[in-house]
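Please read the structure below before turning to the comments.
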2 protein chains.
Amino acid sequence: MTNPSDSNASREQFGIWLGMLARQWRAEVDRRLSPFILTEARWIILFRLSTADHDLTQKELARVAGVQGPTLVRTLDWLEEKGLIERREVPDDRRAKTVHLTERAEPALRQIQAVIQGVRAQIFADVSDEELEQCLAVFKKIGRQFDAFAGSAEDRDMVIVGQGKK
Amino acid sequence: MTNPSDSNASREQFGIWLGMLARQWRAEVDRRLSPFILTEARWIILFRLSTADHDLTQKELARVAGVQGPTLVRTLDWLEEKGLIERREVPDDRRAKTVHLTERAEPALRQIQAVIQGVRAQIFADVSDEELEQCLAVFKKIGRQFDAFAGSAEDRDMVIVGQGKK
DNA sequence: CAGACTTAAATAGATAGCTATCTATCGTCA
DNA sequence: TGACGATAGATAGCTATCTATTTAAGTCTG
């Protein structure tokens, strides 16, 4: 009931809200994309490709899309099968492949943009630009902390390995 | 480059950020919970049970946890198998079951609270209480919109069914 | 009160994410 | 230059989620 306990409540709820909203968001987008055979996960990849300022390797694409390599591989397999993207070998490095939108993907992307726009219009109905900016600023701060974890995770592992080794 | 386009960019990014953060959050919690065999999804159920003000049926629990029925069923199956919860039949309605924490669950819950607290402390390091409150306020506005969707989805279906029917 | 909706939980099958591991290639340095 | 560690992508298998459907029980109505 006191103020400090309220702020604790906010902290307690935050992660749970994050998960709930993300799931509801995905569900709504998926529902509206269903006529296009696409899902949110697949659309995000196309979107990232369409807004990239240079050819992306799978590794780079995974990073900007915020997923792990194996997750991307499966999504790309599907998109490639449907003829929406293609993988090209990189001459300098035969391990790597760059990913490219096909011509077929372009019109689909435009249609889909409009659908997603529709979701956003309804979802953000009560939210001002300013509130959204503030929220996004918090997201970015939190994102940086997670990145810091990722960076230090290796160190932590090393320590454990160091201790564990005979 | 102009301000309006910046705000569009915020709107474009929001959903993607939401998904990324939710996944990173879950991954970090799961990593720290791994010594306890629990995962975030399972912990959330225990947490909701521990903070409920009355006995919850599966349907009610699914609602407050923000997941669909079938998702909850599988989580409950696991938790029940591990002896952390039990399902009890409701005398008045033989279709329904209420869900209860067992004694075994209580100490585990306390330990886990501390772990989750640790995640929060690091993740929110750069975020003030006020920022967090604002963010949560936006979450709730957005959540209401999704609820409105869910409510109107039935109507929408009815309309479609109505049109489709001979 | 009998049949027709409705509702609670369970089941089936799909998608998307993860970690761990494998294979092929690249780079480095003894 | 040849062996070893690092890197890019692919594969396998697990968890969590969803929608659609099934089963059983409750409710309503002619």
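Just so we're on the same page: letters track the sequence lines, and every chain starts at 1.
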Toward the 5' end of DNA chain D, by each residue's nearest nucleotide, A:D93 or A:D77 = A:D93
Taking a hydrophobic cluster as the set of Ile, Leu, Val, Met, Phe, Trp and Tyr residues connected by side-chain heavy atoms closer than 4.5 Å, whether directly or through intermediates, do B:L49 and B:V90 fall within one such cluster?
-> no
So, A:D77 and A:R87, do they make that salt bridge, N to O below 4.0 Å?
-> yes
Hey, is B:D55 close enough to B:R88 for a salt bridge, meaning N to O under 4.0 Å?
-> no
For the residue pair A:W25 and B:F146, categorise the inter-ring angle as parallel (less than 30°), tilted (30 to 60°) or perpendicular (more than 60°).
-> perpendicular
Would one find a side-chain N or O of B:R23 under 4.0 angstrom from OP1 or OP2 of C:dA16?
-> no
Salt bridge flag under 4.0 Å for residues A:E28 and A:R31 | yes
Provide, to the nearest angstrom, the distance between the CD atom belonging to B:Q24 and the P atom belonging to C:dG17.
-> 13 Å
From CD1 of B:I45 across to C1' of D:dT17 the rounded distance in Å is 12 Å
Neighbour count above 12 (heavy atom, 6.0 Å) for B:E130 CD = no
Separation of A:R95 atom CZ from C:dT25 atom P, in whole Å?
-> 10 Å
Whole-Å gap separating P (C:dA9) and CZ (B:R74) = 17 Å
Is the shortest side-chain N/O distance from B:T71 to OP1 or OP2 of D:dA16 below 4.0 Å?
-> no
Nucleotide C:dA16, atom C1' - distance to CG of A:L33 in whole Å = 15 Å
Hey, what's the ring geometry for A:F14 with B:F139, parallel, tilted or perpendicular (30° and 60° as the breaks)?
-> tilted
Counting any heavy atom closer than 4.0 Å, what does A:A27 reach on the DNA or RNA strands: base, sugar-phosphate only, or nothing?
-> nothing
Interatomic distance where CG belongs to B:D30 and C1' belongs to D:dT15 [whole Å] | 9 Å
Among C:dT19, C:dT11, C:dA9, which nucleotide sits nearest the side chain of A:P70?
-> C:dT19
Nearest-angstrom distance from the residue atom CG of A:L76 to C1' of D:dA8 | 13 Å
Between A:R94 and C:dC26, does any side-chain N or O lie under 4.0 Å from OP1 or OP2?
-> yes
Heavy atom of residues 53-68 of chain A under 4.0 Å from DNA chain C: which residues?
-> A:V67, A:Q68
So, B:R26 and B:E40, do they make that salt bridge, N to O below 4.0 Å?
-> yes
Could you go through the side chain to side chain contact (heavy atoms under 4.5 Å, CB included) check for A:V99 and A:L56 one step at a time?
-> CA-CA 6 Å; A:V99 184; A:L56 298 177; 5.8 Å; no
Nearest-nucleotide wise, let me know which of A:D92 and A:A41 is further upstream toward the 5' end of DNA chain C.
-> A:A41
Below 4.0 Å: OP1/OP2 of D:dT19 and any side-chain N or O of A:R31 = yes
Note the angle between the end axes of the helix from C:dC1-D:dG30 to C:dA30-D:dT1, five pairs defining each, rounded to 10 degrees.
-> 0°
What is the distance from CG of B:L79 to P of D:dA16, rounded to the nearest Å?
-> 9 Å
Candidate pair B:T102 and B:H100, rule side chain to side chain donor-acceptor pair (under 3.5 Å), full reasoning = CA-CA 6 Å; B:T102 61; B:H100 305 266; over 6 Å; no
Please determine if a side-chain N or O atom of B:R87 lies less than 4.0 Å away from the OP1 or OP2 oxygen of C:dA10.
-> yes
